[in-house]
Amino acid sequence: MSAPATAAPGTTGPTQAQVTQVRAFNRFYTNVIGVLHDMYLDTPHTLTESRLLYEIAKHGTVEVSWLRQALDIDAGYLSRVLSRFESEGLVTRHRSAADARRQEIRATDAGRGAVTELDERAAVQMGALLGGVDCGRLLDAMAVITEVLGPPGQRAVTLRPLAAGDLGWVLQRHGTVYAAEFGWDATFEDFCARIIGEFPALRDSAPGRAEGWVAEVNGVPAGSVFCVPDTATPNAGAPGGATARLRLLLVEPWARGLGLGRQLVAHCLDFARQAGYTDIVLLTYDQLSAARRVYQAAGFTLDSEHPEEAFGQRMMSQTWSRSL
């Protein structure tokens with residue numbers, strides 16, 4: 001009978017046998033998933049390059065500094081990889097509209113296509129690997145590894161398109177969160193209900209020009225954002241219409257500090273660019289200082305403001321916009 005895999009109570013660190021066992025597992029698993037090959041999944045990219053391209057396409061627009069910190073990559077190596085991606089037409093590089101000292105990276109259509117191909121190949125590989133396996137047992141073990149070795153309080157963040165039940169959730173959470181945090185009355189929920197009620201018709205009448213997303217943290221809905229044609233602009237929803245509108249940005253109080261607002265806005269902007277819009281506008285209020293900081297960081301600037309009685313409050317109604 002082998003010795004227990006866990007260290008005895010009261011020890012200050014792992015035993016040599018435990019270290020050896022973990023190293024053996026690492027060698028086994030890296031061989032199983034093929035990360036020791038020069039090129040990942042028989043593509044022109046290494047595993048590190050594939051992960052970089054995935055993160056850029058996933059977030060829409062990312063700053064170089066964020067990539068370096070999020071993936072713990074050497075600055076010189078990152079610069080070389082991004083230069084090669086740019087020369088291959090996979091990404092474009094731009095100065096940040098909010099801070100010219102910062103550089104933003106965006107995936108091109110070719111870059112998004114490469115990520116789609118990687119996703120498809122990875123799914124085929126994992127499907128073959130899991131064939132005949134007790135997936136429940138395996139996933140439970142993976143969850144334990146993630147919890148034990150991950151940073152304290154680590155949370156998995158994902159953005160996904162709208163699914164059944166999401167429109168009702170968006171409405172309910174807007175009404176509840178804004179009432180609790182800002183004292184806004186039920187007329188705000190009425191306002192949101194009209195926006196959500198109009199959304200299906202906008203999406204159906206302008207295919208590819210209107211969409212909404214939900215952010216999840218560990219599988220739990222934690223935020224939302226919508227991109228629709230700006231109905232105040234003539235023919236905005238028609239092919240070639242110029243102006244999009246960002247609506248219904250929300251981040252749950254318990255999920256703040258994870259960068260969800262930034263990710264949701266970046267995803268919305270990337271969708272608007274792909275849909276062919278040339279600029280984007282939004283309505284907000286001066287009370288919403290946290291949201292305003294997110295908009296400013298994303299390159300929005302204040303166009304106009306005026307005092308308004310809204311939702312039981314006396315506030316400054318503000319219109320912000322940016323070019324795409």
Side-chain angles (χ1 to χ4, degrees), residues 98 162 166-203 206 209-215 221-234 236-237 241-257 260-269 271-272 277 279-324:
L162 295 173
D166 283 337
L167 292 179
W169 176 83
V170 170
L171 176 59
Q172 189 269 340
R173 294 312 298 155
H174 271 76
T176 301
V177 170
Y178 281 81
E181 294 200 351
F182 302 103
W184 291 11
D185 64 22
T187 60
F188 176 65
E189 191 168 353
D190 296 341
F191 174 71
C192 294
R194 288 194 295 273
I195 293 173
I196 290 170
E198 294 168 356
F199 175 74
L202 285 172
R203 183 178 54 192
R209 306 275 286 172
E211 192 55 86
W213 302 270
V214 167
S224 67
V225 75
F226 287 62
C227 182
V228 298
D230 180 27
T231 54
T233 302
T243 305
R245 181 170 287 272
L246 184 153
R247 309 203 87 159
L248 298 172
L249 176 68
L250 174 74
V251 176
E252 290 278 11
W254 59 266
R256 291 171 191 166
L260 287 188
R262 179 188 62 79
Q263 292 183 45
L264 286 163
V265 170
H267 199 76
C268 180
L269 294 179
F271 171 83
Y277 294 107
D279 56 4
I280 186 166
V281 299
L282 63 88
L283 167 70
T284 189
Y285 291 88
D286 62 332
Q287 286 189 4
L288 309 181
S289 57
R292 188 166 61 248
R293 287 192 294 271
V294 171
Y295 300 141
Q296 288 176 308
F300 283 87
T301 56
L302 178 64
D303 286 345
S304 63
E305 62 179 350
H306 63 270
E308 183 177 304
E309 293 282 349
F311 321 129
Q313 306 286 324
R314 179 70 173 173
M315 302 180 288
M316 294 297 291
S317 173
Q318 298 179 334
T319 297
W320 295 67
S321 70
R322 64 157 290 170
S323 63
L324 297 169

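Quick caveat, the model's predicted, so the values are computed rather than measured.
Taking every heavy atom of both residues into account, S323 and D279 meet most closely at CA-CB, 3.9 Å. The two residues A310 and M315 come nearest to each other via the heavy atoms O-CE, 3.5 Å. Contact record, L324 with Y277: CD1-O, 3.7 Å, taken as the closest heavy-atom pair.
E189 is listed as a side-chain neighbour of L171, based on a closest heavy-atom distance under 4.5 Å. Using a 4.5 Å heavy-atom threshold, the side chains of W184 and F191 count as separate. Taking the side chain as every heavy atom from C-beta outward, Y285 and E308 approach each other to under 4.5 Å. For the pair L269/F300, a side-chain contact is recorded, criterion being any heavy-atom separation below 4.5 Å from C-beta on. Using a 4.5 Å cut-off on side-chain heavy atoms (C-beta onward), H306 and S317 make contact. You'll find the side chain of L250 stays beyond 4.5 Å of the side chain of V170, heavy atoms only. Put simply, the side chain of F311 does not reach to within 4.5 Å of the side chain of Y178, judged on heavy atoms. Within the 4.5 Å cutoff, no side-chain heavy atoms of L260 are placed close to those of R256.
A donor-acceptor pair under 3.5 Å is formed between the side chain of Q313 and the backbone N or O of G183. With H267 contributing its side chain and Q263 its backbone, the two residues share no donor-acceptor pair below 3.5 Å. Distance alone, capped at 3.5 Å, places no donor-acceptor pair between the R209 side chain and the P229 backbone. A side-chain donor-acceptor contact under 3.5 Å links S224 to the backbone of L248. Of the possible polar contacts, one joining the D185 side chain to the G312 backbone as a donor-acceptor pair under 3.5 Å is found. Between the side chain of R314 and the main chain of P307, no donor-acceptor pair closer than 3.5 Å is present.
Salt-bridge formation is not detected for the pair E198/R245: no Lys NZ or Arg NE/NH1/NH2 atom is positioned less than 4.0 Å from an Asp or Glu carboxylate oxygen.
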#### Entry: Test side chain to side chain contact (heavy atoms under 4.5 Å, CB included) applied to L249 and L264, step by step
CA-CA 8 Å; L249 176 68; L264 286 163; 3.9 Å; yes

### Task
Would you sort out whether R292 and E305 count as a salt bridge (Lys or Arg N to Asp or Glu O under 4.0 Å), showing the intermediate values?
CA-CA 13 Å; R292 188 166 61 248; E305 62 179 350; over 6 Å; no

